[in-house]
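In what follows, a structure is listed as structure tokens, so that the remarks can point back to it.
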Amino acid sequence: MGGCEAGSTDAWGDAIARANDVVAPHHFGGHEENWDFVAIRDIVAMVLYALHAGDERPVPHVPWDAVLWHLGNDGRVVTLVEGALPHLAPGSLAVPADERIAKCWQWLNKTWDPQAPIRSQLQGGVETGPRWDGLSRGIGRTLPDPAVEVCTSWAATAVETALNAERGGYRLFQRVRVAEGAFRNQYGYVRQLGWVFDDDAQRAADGPPAWYLVDLDEADAPQRFEARCLTPGTDVRRWPERVPGPQKSSPPTRRGEDEATRASSCAEHLAEVLGRASNPEAVPDRLRQAIASAHSHHHQEEDHQARPRPHRVTWQVISHWYQVTETYSPTAVLRLWEVVTKTHLHDDGPVHHLAADEAAAQALIARYASAPR
């Protein structure tokens, strides 16, 4: 079982209890056997405790708007926690003052094997699994990345909800009416809360959100409104989970029902793969020509793994295979391997590596898997 231990009466126990209060109502009522809940609660608890440790303010007095600012992205969380508690930084030789907190931070930063056995098994004399530390999981089940990268935005939503209730703003998905302007008397649902932050103070401005993004019934795209332009909606429509788009009086049609979709040719697909590759020269001309004239293309994920900080990297292995003839035959298939590497779950610049054979692909994988942890 992962995560942190609740039930303490000290500052860490206060942080866990306070985080539990804001997260549990939205995630399975606070189910300790659920990975999502444990991850989200523990991120909030770590931020609460780090803010307490940084200025010696009692945990119950740490303001939610300060917590929300630090939950703006996981980089802020890491900077805060390891700044206030430097013994938690990777590579630190300092002895943790509280093993519970160290264990929690380690769990939030560990990487995962999405293909690990569901139950513990002995493989080659080494115990493996259970997957997700034996917890159930819904968020990002196929991702190997650390919980702090996967769930910080979810933690922010839980804290935002608590702060908004405290300050009396419109709730997410609340029905509202536009009181003035070009959309006067139109109704819609709140989809985003517009807080104004002071980055120097690392706090939100006083009062409720200054603006809201509203999905109007009669507009194709959500519209932004200042808080003064909105009033609570009084009509009886209740459909907050609809998808954006012009058809809002009925459920959306399924993709492909209204317009034909054309699959790309093998030549087009190969051009796309080569265009994003960092090493297109790895695919020889003869193989390119054979793939371009193939009948159809397919792909599947072969592996998806990650390595934690301080040598953070995630690698995903994709097998592209091209069916040479109209009728499938295992001897008439051409293959390319693509290894995609990132230094962070939200890395905007992933690097795509190509390999023309499986041995070259395995060599690429080994380069990242065997790097020092």
* Asked: Is it the case that R175 places NZ or CZ above or below the six-membered ring of Y189, under 6.0 angstrom from the centre and within 45 degrees of the axis?
  -> yes
* Does a donor on one side chain sit under 3.5 Å from an acceptor on the other, for Q323 and H295? -> no
* Taking the side chain as C-beta and beyond, is there a heavy-atom pair between V38 and W35 under 4.5 Å? -> no
* Do you know the tightest heavy-atom contact between A356 and A282? -> CB-O, 3.6 Å
* Which is it for L354 and L274 under the side chain to side chain contact (heavy atoms under 4.5 Å, CB included) test, yes or no, and what are the steps along the way? -> CA-CA 8 Å; L354 294 180; L274 292 172; 3.8 Å; yes
* Residues in side chain to side chain donor-acceptor pair (under 3.5 Å) with Y49, at least two apart? -> none
* Hey, does the side chain of E82 reach the backbone of L80 with a donor-acceptor pair shorter than 3.5 angstrom? -> no
* Non-hydrogen side-chain atoms of P209 and R167 separated by less than 4.5 Å -> no
* Measure the spacing between CZ of R288 and CG of L336 and express it to the nearest 0.5 Å. => 9.5 Å
* Asked: Should V283 and Y322 be regarded as members of a common hydrophobic cluster, given that ILVMFWY residues are connected when their side-chain heavy atoms come within less than 4.5 Å of each other, either directly or indirectly?
  -> yes
* To do: Using the side chain to side chain contact (heavy atoms under 4.5 Å, CB included) rule, take W154 and H26 through it: C-alpha gap first, then chi angles, then the decisive distance, then the call.
  => CA-CA 10 Å; W154 292 77; H26 309 285; over 6 Å; no
* **Between H346 and E149, a side-chain donor and acceptor under 3.5 Å** => no
* Can you tell me how far OG1 of T231 sits from CZ of R177, rounded to the nearest 0.5 angstrom? -> 3.5 Å
* To do: Please name the pair of heavy atoms, one in G83 and one in P86, separated by the smallest distance, quoted to 0.1 Å.
  => O-CD, 3.7 Å
* Does a side-chain heavy-atom distance below 4.5 Å link I40 with I139? -> yes
* Asked: Does NZ or CZ of K110 fall inside the cone over W112's six-membered ring, less than 6.0 Å from its centre and within 45° of the axis?
  -> yes
* To do: Using atom types as modelled and distance alone, determine if a side-chain donor or acceptor of N164 lies under 3.5 Å from a backbone N or O of Y170.
  => yes
* Find out if a path of hydrophobic residues (ILVMFWY) with successive side-chain heavy-atom gaps under 4.5 Å connects V313 to V351. => no
* Structure fact -> salt bridge (Lys or Arg N to Asp or Glu O under 4.0 Å) pairs touching residues 192-207, sequence neighbours excluded, are D65-R203
* Under 3.5 Å side-chain donor-acceptor pair for Q362 and W337 -> no
* Over 12 foreign heavy atoms within 6.0 Å of CZ, R276 -> yes
* **Verdict with supporting geometry, F197 and L68, side chain to side chain contact (heavy atoms under 4.5 Å, CB included)** => CA-CA 10 Å; F197 289 102; L68 183 60; 3.8 Å; yes
* Asked: Between H353 and Y368, how do the two ring planes meet: parallel, tilted or perpendicular, split at 30° and 60°?
  -> tilted
* To do: Might you confirm whether atom CD of E301 has over 12 heavy atoms from other residues, nucleotides or ligands at distances under 6.0 Å?
  => yes
* When V178 is tested against each of V214, L216, N185 for side chain to side chain contact (heavy atoms under 4.5 Å, CB included), which residue passes? -> L216
* Asked: Between atom NE2 of H70 and atom CD1 of I43, what is the distance when rounded to the nearest 0.5 Å?
  -> 14.5 Å
* Asked: Does any donor atom in the side chain of E160 or W195 lie under 3.5 Å from an acceptor atom in the other side chain?
  -> yes
* Is there a side-chain contact between E338 and V340 (heavy atoms, below 4.5 Å)? -> yes
* Asked: Going by heavy atoms in the side chains, are R76 and Q202 under 4.5 Å from each other?
  -> no
* Asked: Under a single-linkage definition using a 4.5 Å side-chain heavy-atom cutoff for Ile, Leu, Val, Met, Phe, Trp and Tyr, are V273 and V324 assigned to the same hydrophobic cluster?
  -> yes
* Check whether any side-chain heavy atom of W107 sits under 4.5 Å from a side-chain heavy atom of D133, and report yes or no. => yes
* Asked: Can you check salt bridge (charged side-chain N to carboxylate O under 4.0 Å, His left out) on E358 and R335, steps first, answer last?
  -> CA-CA 9 Å; E358 190 169 5; R335 292 187 182 275; over 6 Å; no
* Asked: Do E226 and E180 touch side chain to side chain, with heavy atoms closer than 4.5 Å?
  -> no
* Asked: Just checking, any donor-acceptor pair under 3.5 angstrom between side chains of H344 and D74?
  -> yes
* Taking atom CD of E56 as the centre, report whether more than 12 heavy atoms of other residues, nucleotides or ligands fall under 6.0 Å from it. => no
* Supply the atom-to-atom distance T341 OG1 to D347 CG, rounded to the nearest 0.5 angstrom. => 8.0 Å
* In terms of ring plane angle, is the pair H320 and H299 parallel, tilted or perpendicular, where the classes change at 30° and 60°? -> tilted
* Asked: Would you say the side-chain atoms of T152 pair up with the backbone N or O of V148, donor to acceptor, closer than 3.5 Å?
  -> yes
* Donor-acceptor contact present, side-chain H52 to main-chain R57, <3.5 Å -> yes
* Between H297 (side chain) and L270 (backbone), is there a donor-acceptor pair under 3.5 Å? -> no
* Is the closest side-chain heavy-atom distance between L193 and Y212 below 4.5 Å? -> yes
* Side-chain donor/acceptor of D303 to backbone N/O of V317, under 3.5 Å -> no
* **Cluster link V159 to F173, ILVMFWY, side chain under 4.5 Å** => yes
* Same apolar cluster (I L V M F W Y, side chains within < 4.5 Å links), M46/L345 -> yes
* Once you round to the nearest 0.5 Å, how far does CG of L85 lie from CD1 of I101? -> 6.5 Å
* **Residue E326 excluded, over 12 heavy atoms near CD under 6.0 Å** => no
* Asked: Can H31 and D36 be said to form a side chain to side chain contact (heavy atoms under 4.5 Å, CB included), step by step?
  -> CA-CA 9 Å; H31 198 323; D36 307 0; over 6 Å; no
* Asked: Does W64 have R18 sitting over its ring (NZ/CZ under 6.0 Å from centre, angle to axis within 45°)?
  -> yes
* Could you state the interatomic distance from NE2 (H352) to CG (N279), rounded to the nearest 0.5 Å? -> 11.5 Å
* Asked: Quick one: do D10 and R100 make a salt bridge, cutoff under 4.0 Å?
  -> yes
